[in-house]
Structures are given as C-alpha cells and as structure tokens.
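So you know, we letter chains A, B, ... as the sequences are listed, proteins then strands, and number each from 1. Values below: all heavy atoms of this structure, side chains included; hydrogens, waters and symmetry mates excluded. On a predicted model such as this, the values are computed, not experimentally measured, just so you know.
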There are 2 protein chains.
Amino acid sequence: MSPPPAVPDGRRPTLADVAARAGVSTALVSIVMRGVTGASAATRERVLQAAKEIGYRPDSRARLLRSNRTYLIGVQFEIQEPFHTDLVERLYAAAESAGYQLALSAVAAGRSERQAVESLLGDRCEALVLLGPRAPAGRLAELAALLPVVSVARRLRPAVPGVRVVRTADDEGARQAVDHLVSLGHRDILHIDGGRAPGAAERRRGYRTAMNDHGLADRVRVLPGGLTEQDGATAARAILDAAPWPSAVLAFNDACATGLLGAFFRAGVSVPGEFSVVGFDDSRVARLPHVDLTTVAQDIPRIAELAVAAVTVRLEGGEPRTGEDVVAPRLVVRGTTAPR
Amino acid sequence: MSPPPAVPDGRRPTLADVAARAGVSTALVSIVMRGVTGASAATRERVLQAAKEIGYRPDSRARLLRSNRTYLIGVQFEIQEPFHTDLVERLYAAAESAGYQLALSAVAAGRSERQAVESLLGDRCEALVLLGPRAPAGRLAELAALLPVVSVARRLRPAVPGVRVVRTADDEGARQAVDHLVSLGHRDILHIDGGRAPGAAERRRGYRTAMNDHGLADRVRVLPGGLTEQDGATAARAILDAAPWPSAVLAFNDACATGLLGAFFRAGVSVPGEFSVVGFDDSRVARLPHVDLTTVAQDIPRIAELAVAAVTVRLEGGEPRTGEDVVAPRLVVRGTTAPR
DNA sequence: GCCGGCATCTAGAACGTTCTAGATGGCTGC
DNA sequence: GCAGCCATCTAGAACGTTCTAGATGCCGGC
C-alpha cells in the first residue's frame with residue numbers, strides 16, 4: 001500500500017541519505033536535484049533512482065537559507081475579496097513564468113495587514129505584492145526601504161519612494177460608465193462611492209469630471225457607500241427615500257451594485273426599467289445570468305503581469321522605479337442598463 | 001523618512017549583528033528573541049533595543065531549519081471556492097489559538113492539487129489540511145504515511161488509513177431540506193446533484209432516503225449538475241424543457257442554486273411562486289438580500305476547529321486516528337421556499 | 001574558607017542545503 | 001610520453017538560527 005518507511009528512523013530523508021544510497025557525495029546529489037550541469041547521465045540516473053526509492057524531497061527552507069536568492073514573491077491579499085482572489089490566481093501564472101514562486105498571506109477577520117506582512121518578511125520574500133493595501137504611506141515607505149514593493153489597486157499620492165503602483169485607470173473607468181449612461185439618455189446619474197477604499201477617490205473624481213464634461217455638473221450626486229453588498233443595500237434605501245430619484249446609479253464596485261440591485265428588487269422597483277445600474281470590477285458575480293450586471297472590467301491578467309514585472313525587473317538589477325503602471329478599463333454592457 | 005540602512009552592507013541584519021551591537025553572544029540574543037527565560041531584565045532590554053535599532057527580524061527559515069518542530073500546518077484550498085475561503089479565514093484563528101501557523105497553497109487554474117501539496121511538503125509543514133481534495137485515495141494514503149492529514153468535506157470510503165475526515169453530515173443536511181419542503185406541501189422535489197464533487201454522493205443519498213421516508217420514492221428525480229452557477233443554469237433549462245415540472249428543487253450548493261435562480265428569473269418563472277429552491281453551504285451569496293436563499297448551513301467555525309484539532313492532537317503525540325468528525329448542518333429558511 | 005546551587009551567559013555543534021575551490025582521471029594533440 | 005583540457009566528482013565552509021553542555025560569578029549556609 002503505502003511506501004515503506006523512507007529512512008530507518010522517522011527522520012525525513014535528506015541529501016545525505018540519498019548520497020549514501022547512491023554512493024556519491026551530497027554535493028553531487030544537490031547538482032542532480034537542481035538539474036544543473038556537472039553530473040554524467042549514468043550518475044544522474046542512479047541518484048534520481050535512489051532519491052525516488054527513499055522518497056526524498058528537497059527541504060525548501062534549507063535550500064533558501066543557503067542560496068542568497070529565494071525567488072519568493074510575497075502576496076498580501078484579502079481572502080474575502082473576489083477581485084483579490086481572481087488576481088492571486090493570475091499572479092501564480094505570472095510569477096511562475098518569470099521563474100518565481102508565490103508566498104500567500106491572507107488578510108482576514110482577526111489577521112491584520114501588519115501580521116500578514118510580518119509573516120511574509122519572516123519567510124524571506126524578496127519582494128512584496130500588496131493587493132489594495134490600507135497601510136499608511138509611512139509604513140509602505142519603511143517596507144520599500146527593505147525590498148521591492150508594489151501596491152496593486154491603491155494609488156499613492158504623493159508617490160512613496162520605491163513603491164511601484166499598478167492600478168486600473170479608475171477615473172477613466174468611471175468616465176466610461178458615465179459616457180455610456182449619458183449616451184442612453186440619462187442625466188441624473190448618482191454615484192455610490194467607496195469611502196476610503198483603494199481606488200474610491202479616483203472613481204469619484206472620474207465621475208465628477210465626466211459629469212462636468214457632459215454639462216451635468218448640477219446633477220452630480222455622491223452618496224457615501226462602501227465595498228460590500230450591505231453598503232449597496234443601505235444606499236438603495238437612501239436613494240428610494242429621497243426624491244427626486246436619479247435614473248441611473250454608478251456603484252463603487254460589483255458587490256455594492258449587487259446589494260443595490262437586491263434592495264431595489266425587494267422594493268419592487270425594476271432594473272433597468274426605472275433605474276440603470278453600473279458596477280465596477282467585472283467580478284464573477286457580475287456575470288451571473290440573473291445579475292447580468294453592466295460593469296467596468298479591470299484587466300486582471302494584465303495587472304498581474306505588470307505587478308510581477310515591476311518587482312522582478314528590480315530584483316534582476318533594474319533601477320527602483322517609483323511610478324505607476326496604469327491599466328485601461330473596459331466597459332462591459334450587460335442587462336442592467338437601458339435607454340431612459 | 002525611511003530608517004537608515006540597517007547594516008553597513010546591504011545584508012539583512014542577523015542575530016550576530018544584534019549580538020555585536022549589544023555586546024553579547026548570539027545564543028543570548030536568541031534567548032531574548034524567543035522570550036524564554038535565561039536572560040536578566042537589563043540585558044533583555046539592551047538586546048531588544050539593539051535589535052530595534054538595526055531593524056532585526058528573525059529569519060523563519062533558519063529558525064525552522066534548526067528547530068525540530070516547525071509548527072506549520074499546510075492548507076490546500078481552491079481559491080475560487082467561497083466555502084474554502086470562508087474556511088481558511090476560520091482556520092487562521094483555530095491554528096493560532098493552538099499555537100500553530102498556517103501555510104497557504106491555492107489550487108487555481110493552472111495550479112494542480114499535486115503542485116499545491118508538493119509546495120507545502122517542501123515548506124516542511126508538519127500536517128496537511130486538505131479542503132475538498134480530489135486526489136485518489138492512494139495518493140492520500142501516501143501523504144498520510146508522511147504526516148498527519150485531514151480531509152475536509154470529502155468523505156473517504158473505504159477509510160484511508162491515517163487520514164482523518166472532517167465533514168458536514170451531508171445526508172442529514174439534504175434530509176432537512178427535503179423535510180422542510182415536504183412540510184410546506186411539496187411532493188415533486190427534484191435534486192440537482194454535484195456529480196463527483198466532494199459531498200455530492202452523500203447529499204444525493206440523503207435526498208433519496210428522505211424521499212423514501214416520506215413515501216415519495218416514486219417522485220425521486222435526480223438531474224446531473226455540478227458546483228458552479230453555470231451548472232445550475234444548465235439544469236434550469238433541462239427542468240423547464242421537460243414536463244411535468246417539479247414544484248421544488250434542492251441544488252447541490254449555493255452557487256448551483258444561484259445559477260438556477262438566475263435562469264428561472266430570466267425565463268419569467270417566479271421563485272418561490274412556481275418553484276421553491278434550496279441551496280447548500282449558506283455561503284455569502286445566499287445571504288445577499290436579493291438572493292435570500294433558503295439553504296443548508298455548514299458550521300464553518302466548528303469544522304475549522306475540528307480540522308486543526310485533528311492534526312494537532314496527533315502532532316502532540318496522540319494516536320493516529322482514522323475516522324470522522326461529522327458536524328451537524330442547520331437549515332436556514334429564507335425567501336426562496338414557500339408553501340405549495 | 002569552602003561548598004552547593006542558582007542565575008546568567010557563552011562556545012560550538014547542528015539543521016539540510018548550496019557554493020567555492022580543488023581533486024581526479026581520461027582524452028586529445030603533439 | 002607528456003602537457004593541457006574538459007568532464008566529473010568531492011571536501012568543507014557557509015547560510016542564520018536553536019540547542020547542548022558547560023563556564024562564570026554571586027549568594028547563603030556551614
């Protein structure tokens with residue numbers, strides 16, 4: 001059934017065990033295991049056979065301790081945030097093709113950003129990819145003094161030295177949404193914002209600017225919101241309670257839009273009949289057939305690639321580039337928007 | 001702004017650097033850093049000060065390499081599965097209060113279970129918590145021969161030696177759902193199953209048994225489904241196409257139920273007017289105000305605790321217990337079920 | 001004045017790997 | 001037959017920590 005005990009006592013097999021069995025030095029086993037040149041085909045074969053027989057598995061901790069490089073990229077993400085989990089999925093691919101590995105550290109209820117980052121630093125990550133970090137700029141600067149850091153989805157103004165930013169052009173996304181709604185004949189377009197969430201300020205500004213550009217400055221209306229369904233539902237009640245109603249709503253993100261849709265639905269007002277609704281992110285929920293949300297898509301594969309590139313370039317000896325990679329958003333028109 | 005370079009050259013500060021600065025041995029610094037007894041209060045103070053000044057941070061790899069214990073629990077999970085991410089959140093808490101740390105390894109598009117587990121083993125995890133593993137029993141047995149393994153949400157029949165199972169009583173959950181629907185007057189209750197997904201066989205069986213117990217054996221109808229919204233939507237079309245219609249549907253999970261609801265909604269059939277729908281998991285989506293899905297809740301905090309307990313007991317010298325912890329489910333009645 | 005015991009501290013090995021430097025041996029070219 | 005070279009292999013140090021064993025100094029009790 002299960003293989004026989006690998007080594008006499010309970011220890012996990014090491015290089016030395018393989019070396020003893022194959023009758024070679026540990027250094028040679030190391031060479032074979034890493035697949036570098038320096039061993040004859042015959043020896044290579046013999047060593048691999050011995051390793052297989054005793055169930056040898058390299059100890060990555062010892063390996064990384066010895067080599068000066070770890071090729072580890074630490075990722076801080078919020079485990080309950082669909083946008084983050086989508087991103088993590090793509091980061092795996094991007095890191096692998098750049099020859100790096102990912103170390104995940106989640107921010108969750110009872111696990112702060114600080115804890116998440118400390119754990120990554122203790123693991124000797126060579127760089128940090130922070131998804132929507134909330135930490136103050138001073139803290140990010142401290143980290144950037146230690147290792148390459150990229151902030152994904154959170155813009156930093158003023159720029160923090162050494163921290164690269166990769167983000168969607170949130171203002172442009174908001175503008176696209178407003179343009180779309182205006183082209184459908186809407187004029188009273190309300191924005192439910194994201195408060196202090198990363199990207200919220202830019203989306204708010206993009207909305208305002210677009211409204212101005214369409215000569216609708218006097219119709220600008222921003223309602224405090226947030227990034228959860230609950231925030232959307234709360235905003236919905238505020239909208240319905242306060243006449244006059246807008247004819248369209250741009251929500252901070254898809255979750256917020258979904259909460260809004262739910263509350264509208266329960267209140268018996270029809271979407272897109274009485275209200276047009278636009279979300280942001282193009283998350284999985286937006287694509288559900290019965291949500292079918294018009295939304296501003298973020299280019300997640302591209303963001304993942306740029307984030308990995310930002311840190312690897314620097315790790316490979318490139319200059320620390322403080323600055324931004326701004327990725328274009330793309331409006332996806334679905335069933336929650338209609339002509340007024 | 002940012003702190004001065006910690007150590008003359010670019011190296012990251014080590015115990016030796018702290019020791020040199022504080023004028024003590026590295027062994028003593030180690031003692032102070034771990035917070036164990038063996039240093040006077042005055043020295044302790046001085047060492048901590050020195051460490052802080054040069055920005056010392058313990059290297060967890062070196063630490064774990066040297067100590068025979070790593071206190072690391074490896075977690076394999078599917079990053080796109082809400083049930084899994086909920087569980088991970090609780091696992092952090094459970095592990096911490098047991099004195100262990102978590103190492104996360106995601107299964108994602110392009111990253112197989114095998115890769116996820118290999119990475120955890122390389123990190124020297126002392127135990128593995130596998131969320132809904134798909135690996136064949138033989139593979140699990142191999143792993144169990146190496147270290148404590150717990151399979152969450154996937155039942156193993158026949159039992160795999162050394163692998164502990166923690167799962168919801170899926171059959172009981174399905175029975176609760178059927179009981180509820182029958183008590184509302186439904187008789188034609190259809191089940192959309194989960195195919196080969198972990199737990200699917202048990203839910204199917206629970207559904208069948210409950211139908212039998214209510215004398216509805218001739219009304220049993222199982223439709224092949226799956227665990228995504230897409231599967232639910234596909235099933236919905238199959239249901240609507242084939243008369244006679246059932247009056248109630250028990251879906252494999254909430255995602256499947258959500259897809260079903262969406263398709264019903266688009267087809268203009270009303271829920272719970274024409275169909276009652278029950279999901280499984282009580283995931284976040286089920287609680288959305290406009291989904292408001294009646295569903296069978298899994299007790300996630302309890303499952304997380306039991307999973308951690310299962311491995312820690314064994315790590316602390318307990319006997320390897322092949323067997324199961326079965327957690328009771330709980331029906332949550334919301335808005336998608338109504339009297340027939 | 002001596003001894004035992006405690007608190008505090010330290011030297012040096014150990015963990016499992018990679019890296020540096022060098023040894024060995026066979027082949028080529030003259 | 002010999003120098004030179006390449007391919008192959010090895011010894012031993014190194015990575016940053018913890019652990020074992022023991023050293024040192026101080027105190028109280030006889």
So, B:Glu53 and B:Gln49: side-chain donor and acceptor under 3.5 Å apart, yes or no?
-> yes
So what stems show up for DNA chain D if we need 3 or more Watson-Crick or G-U pairs in a row, all under 3.5 Å?
-> C:1-30 with D:1-30
Mind checking what makes salt bridge (Lys or Arg N to Asp or Glu O under 4.0 Å) contact with B:Arg314, not counting sequence neighbours?
-> none
Which residues satisfy the salt bridge (Lys or Arg N to Asp or Glu O under 4.0 Å) test with B:Arg46, sequence neighbours excluded?
-> none
Please name all residues satisfying salt bridge (Lys or Arg N to Asp or Glu O under 4.0 Å) with A:Arg63, sequence neighbours left out, ordered by chain then number.
-> none
Under the side chain to side chain contact (heavy atoms under 4.5 Å, CB included) rule, what do A:Arg167 and A:Arg154 come out as? Steps first, then yes or no, please.
-> CA-CA 7 Å; A:Arg167 63 178 183 91; A:Arg154 173 168 166 211; over 6 Å; no
Going through the checks in order, is the side chain to side chain contact (heavy atoms under 4.5 Å, CB included) test met by A:Val18 and A:Val32?
-> CA-CA 11 Å; A:Val18 179; A:Val32 172; over 6 Å; no
Find out whether A:Gln76 and A:Leu128 are in side-chain contact, i.e. whether some heavy atom of one side chain is under 4.5 Å from a heavy atom of the other.
-> no
Is there a residue in residues 19-35 of chain B whose heavy atoms reach under 4.0 Å of DNA chain D, and which residues are they?
-> B:Ala27, B:Ser30, B:Arg34
Describe the nucleic acid contact of B:Thr37 in one word from base, sugar-phosphate, nothing, applying a heavy-atom distance below 4.0 Å.
-> nothing
Could you name each residue pair satisfying side-chain hydrogen bond (donor to acceptor under 3.5 Å, both in side chains) that touches residues 23-35 of chain A, not counting sequence neighbours?
-> A:Ser30-A:Arg34
Pairs in or reaching into residues 41-76 of chain B: which pass ring-ring contact (aromatic ring centres under 6.0 Å, His included), with residues at least two apart or in two chains?
-> B:Tyr71-B:Tyr100
Which nucleotide of DNA chain D is the first, and which the last, in the 5' to 3' direction, to come under 4.0 Å of a heavy atom belonging to chain A?
-> D:dT8 to D:dG16
So salt bridge (charged side-chain N to carboxylate O under 4.0 Å, His left out) across residues 65-85 of chain A, not counting sequence neighbours, yields A:Arg69-A:Glu126
So which pairs with a foot in residues 141-165 of chain A pass ring-ring contact (aromatic ring centres under 6.0 Å, His included), sequence neighbours left out?
-> none
Within residues 93-118 of chain B or reaching into it, pairs that qualify as salt bridge (charged side-chain N to carboxylate O under 4.0 Å, His left out) - sequence neighbours excluded = A:Arg57-B:Glu118, B:Glu118-B:Arg139
The correct set of residues in residues 57-69 of chain B placing a heavy atom under 4.0 Å from DNA chain C is B:Leu65, B:Arg66
